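Along the sequence shown, residues carry numbers from 1. Computed from a predicted model, the values in this text were never measured in an experiment.
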Amino acid sequence: MKYRKLGASDLTVSEISLGSWLTYGVGVEQDKARACVDRAFDLGINFIDTANAYGRGAAESFLGEVLSHRARDSYVLATKVFFPMSATDKGLSAVQIFKQIDASLSRLKVDYVDLYQCHRYDAETPLEETMQALSEVVRQGKARYIGFSEWSPEHIEAAFALPGVERFVSSQPQYSLLWRRPEEKVIPFCTANGVSQIVWSPLAQGVLTGKYLPGAQRPADSRAGSESMGGMMQNWLAPKILEAVQTLKPLAQEAGCTLTQFALAWVLREPNIASAIVGASRPEQLDENAAASGMSIDPALFAKAEVLVAGVERAA
């Protein structure tokens with residue numbers, strides 16, 4: 001496993017990180033989920049990403065239990081705040097940030113998180129209030145650093161223009177061979193301002209593994225075949241997208257790796273990417289994912305891949 005510095009922080013994170021969206025505490029059985037976390041550590045994955053909204057606290061509670069016997073300095077822990085935790089608890093107001101960080105720390109059974117992220121932008125709360133509250137969380141020692149997920153370039157720039165507040169060190173965008181929007185504005189601005197990308201859905205929710213064949217029934221043991229986890233990925237399963245992905249397989253074969261590893265290595269080719277978050281329901285999936293770290297692939301193969309999937313967009 002290779003490691004990269006996270007933005008302007010002193011955190012060093014594994015190039016492949018373990019996420020918990022739709023999986024732990026929700027869609028994956030407890031024993032299998034625990035086995036995945038244990039395997040992640042065995043493989044050198046030190047970065048664990050979660051959010052309070054995942055299972056309305058279930059993912060954090062699971063991680064709190066499974067990480068409780070490990071030394072706190074053996075992993076980098078990130079969580080998020082924004083999405084509803086109840087009919088009234090949502091957003092990035094100061095009240096909510098202070099309330100939700102304490103609730104997250106309680107569920108995670110830790111005194112602090114390494115990274116506290118705004119899960120989305122809150123248009124109903126003044127940005128100054130949000131940034132001052134996040135800064136106070138850092139000053140209280142409840143989070144070491146702060147980040148954001150899926151903010152517009154304009155909102156990112158506005159946050160950096162505010163005086164006297166903590167600076168973001170991470171951005172968590174969706175990014176993959178099939179979703180390259182951050183390249184236009186977000187990645188350039190972040191590169192210039194000490195912010196690294198922590199990529200979610202680098203495999204387009206599993207589509208870039210190549211296991212979903214056009215016109216074929218979804219594998220029963222896959223995310224797409226899961227009632228609890230498959231609903232969020234239906235737009236990725238359009239025949240045009242699946243057909244384009246199949247054309248990438250010869251390139252991965254030429255590179256001497258699986259399509260999964262090829263797609264992850266493509267993401268990690270970008271220096272501003274600190275880590276690619278993967279979800280796993282079985283430990284062996286992490287074996288394959290982790291092997292993409294440090295993989296050397298001819299850039300010409302990546303260029304061919306980009307041409308093959310150019311213009312393939314999922315439905316909104």
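Considering only heavy atoms from C-beta on, N193 stays 4.5 Å or farther from I156 through its side chain. With contacts defined as side-chain heavy-atom distances shorter than 4.5 Å, the pair K90/D122 does not qualify. At a threshold of 4.5 Å between non-hydrogen side-chain atoms, the residues Q172 and F148 do not count as touching. Side-chain contact between V207 and L237: present, with at least one pair of heavy atoms (C-beta onward) separated by less than 4.5 Å. Side-chain contact between Q253 and T258: absent, with no pair of heavy atoms (C-beta onward) separated by less than 4.5 Å. Using a 4.5 Å heavy-atom threshold, the side chains of S149 and W200 count as touching. Between E270 and I187 there is a side-chain heavy-atom pair separated by less than 4.5 Å. Residues L177 and L248 form a side-chain contact, since some pair of their non-hydrogen atoms from C-beta on lies under 4.5 Å apart.
We find the OH-CG distance between Y116 and L105 to be 8.0 Å, quoted to the nearest 0.5 Å. Taking CD1 of I146 as the start and CD of Q117 as the end, the distance is 10.5 Å to the nearest 0.5 Å. Atom-to-atom distance recorded for L264:CG and L208:CG is 8.5 Å, nearest 0.5 angstrom. Atom-to-atom distance recorded for T130:OG1 and Y121:OH is 7.0 Å, nearest 0.5 angstrom. To the nearest 0.5 Å, the span separating CZ on R39 from CG on D287 amounts to 4.5 Å. Of the inter-residue distances, the one linking I241 atom CD1 with N235 atom CG reads 8.0 Å to the nearest 0.5 angstrom.
A291 and Q261 make their closest contact through CB-NE2, 3.4 Å (heavy atoms, listed as atom of the first residue, atom of the second, distance). Annotation for T125 and L92: closest pair CG2-O, 3.6 Å, computed over non-hydrogen atoms. A pairwise comparison of heavy atoms in N272 and V195 identifies ND2-O, 2.8 Å as the closest pair. Pairing each heavy atom of A292 with each of L268, the nearest pair is O-CD1, 4.3 Å. Shortest non-hydrogen contact noted between C190 and S171 is SG-CB, 4.1 Å. Scanning all heavy atoms of the two residues, the minimum distance from S68 to K109 falls at CB-CD, 4.4 Å.
Between E60 and T50, the side chains place no donor N or O within less than 3.5 Å of an acceptor N or O (distance only, hydrogens not considered). There is a side-chain donor-acceptor pair under 3.5 Å between Q140 and E136. Counted by atom type alone, E129 and S93 present zero donor-acceptor pairs between their side chains at under 3.5 Å. Between the side chains of E15 and S293, a donor-acceptor pair is found at a separation under 3.5 Å.
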* S281 and K32: side chain to side chain contact (heavy atoms under 4.5 Å, CB included), yes or no, with the steps? -> CA-CA 7 Å; S281 56; K32 292 181 180 179; over 6 Å; no
* side chain to side chain contact (heavy atoms under 4.5 Å, CB included) between L286 and C36, worked out -> CA-CA 7 Å; L286 286 173; C36 287; 4.2 Å; yes
* **Derivation and outcome, side chain to side chain contact (heavy atoms under 4.5 Å, CB included), residues N52 and F82** => CA-CA 8 Å; N52 63 344; F82 170 77; over 6 Å; no
* **Candidate pair R34 and V37, rule side chain to side chain contact (heavy atoms under 4.5 Å, CB included), full reasoning** => CA-CA 5 Å; R34 183 179 294 272; V37 175; 5.9 Å; no
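For the pair S170 (side chain) and S196 (backbone), a donor-acceptor distance under 3.5 Å is absent. Between the side chain of E288 and the backbone N or O of E284, no donor-acceptor pair lies under 3.5 Å. Under a 3.5 Å cut-off, the side chain of S61 and the backbone N or O of R107 do not form any donor-acceptor pair. Formation of a donor-acceptor pair under 3.5 Å by the S17 side chain with backbone atoms of I48 is not found in this model. K240 places no side-chain N or O within 3.5 Å of a backbone atom of V312 that could act as its donor or acceptor partner. Under a 3.5 Å cut-off, the side chain of N46 and the backbone N or O of S14 do form a donor-acceptor pair. At distances below 3.5 Å, at least one donor-acceptor pair connects side-chain atoms of T247 with backbone N or O atoms of A244. A donor-acceptor pair under 3.5 Å is formed between the side chain of K5 and the backbone N or O of S9. The closest donor-acceptor contact from the side chain of E150 to the backbone of Q174 lies under 3.5 Å. Under a 3.5 Å cut-off, the side chain of Y145 and the backbone N or O of D10 do form a donor-acceptor pair.
Enclosure of atom NZ in K249 by more than 12 non-hydrogen atoms of other residues, nucleotides or ligands within 6.0 angstrom is indicated. The environment of CG in D111 is sparse: at most 12 heavy-atom neighbours from other residues, nucleotides or ligands sit within 6.0 Å. Annotation for E157: atom CD counts as buried by contact number, over 12 foreign heavy atoms lying within 6.0 Å.
Electrostatic pairing of R269 and E183 counts as a salt bridge here, judged by a charged N lying under 4.0 Å from a carboxylate O. The residues R70 and D38 are annotated as salt-bridged, a charged nitrogen and a carboxylate oxygen being separated by less than 4.0 angstrom.
Remark: R4 fails to qualify as a cation-pi partner of F47 under the 6.0 Å distance and 45° angle criteria applied to the six-membered ring. Annotation: cation-pi geometry not satisfied between R180 and Y175 (NZ/CZ under 6.0 angstrom from ring centroid, within 45° of ring axis).
Relative ring orientation between W21 and Y54 is described as tilted, the plane-to-plane angle lying within the 30° to 60° band.
By the rule that hydrophobic residues join a cluster once side-chain heavy atoms approach within less than 4.5 Å of another member, M85 and V113 end up as members of separate clusters. Residues V95 and V165 do not share a hydrophobic cluster, clusters being chains of Ile/Leu/Val/Met/Phe/Trp/Tyr side chains in contact below 4.5 Å. Two different hydrophobic clusters hold L115 and Y112 under the rule that ILVMFWY side chains link at heavy-atom gaps under 4.5 Å.
The side chain to side chain donor-acceptor pair (under 3.5 Å) test applied to Q96 returns D89, Q100, not counting sequence neighbours.
For an aromatic pair to be called close, the ring centres must be under 6.0 Å apart, and W151 with F168 satisfies this.
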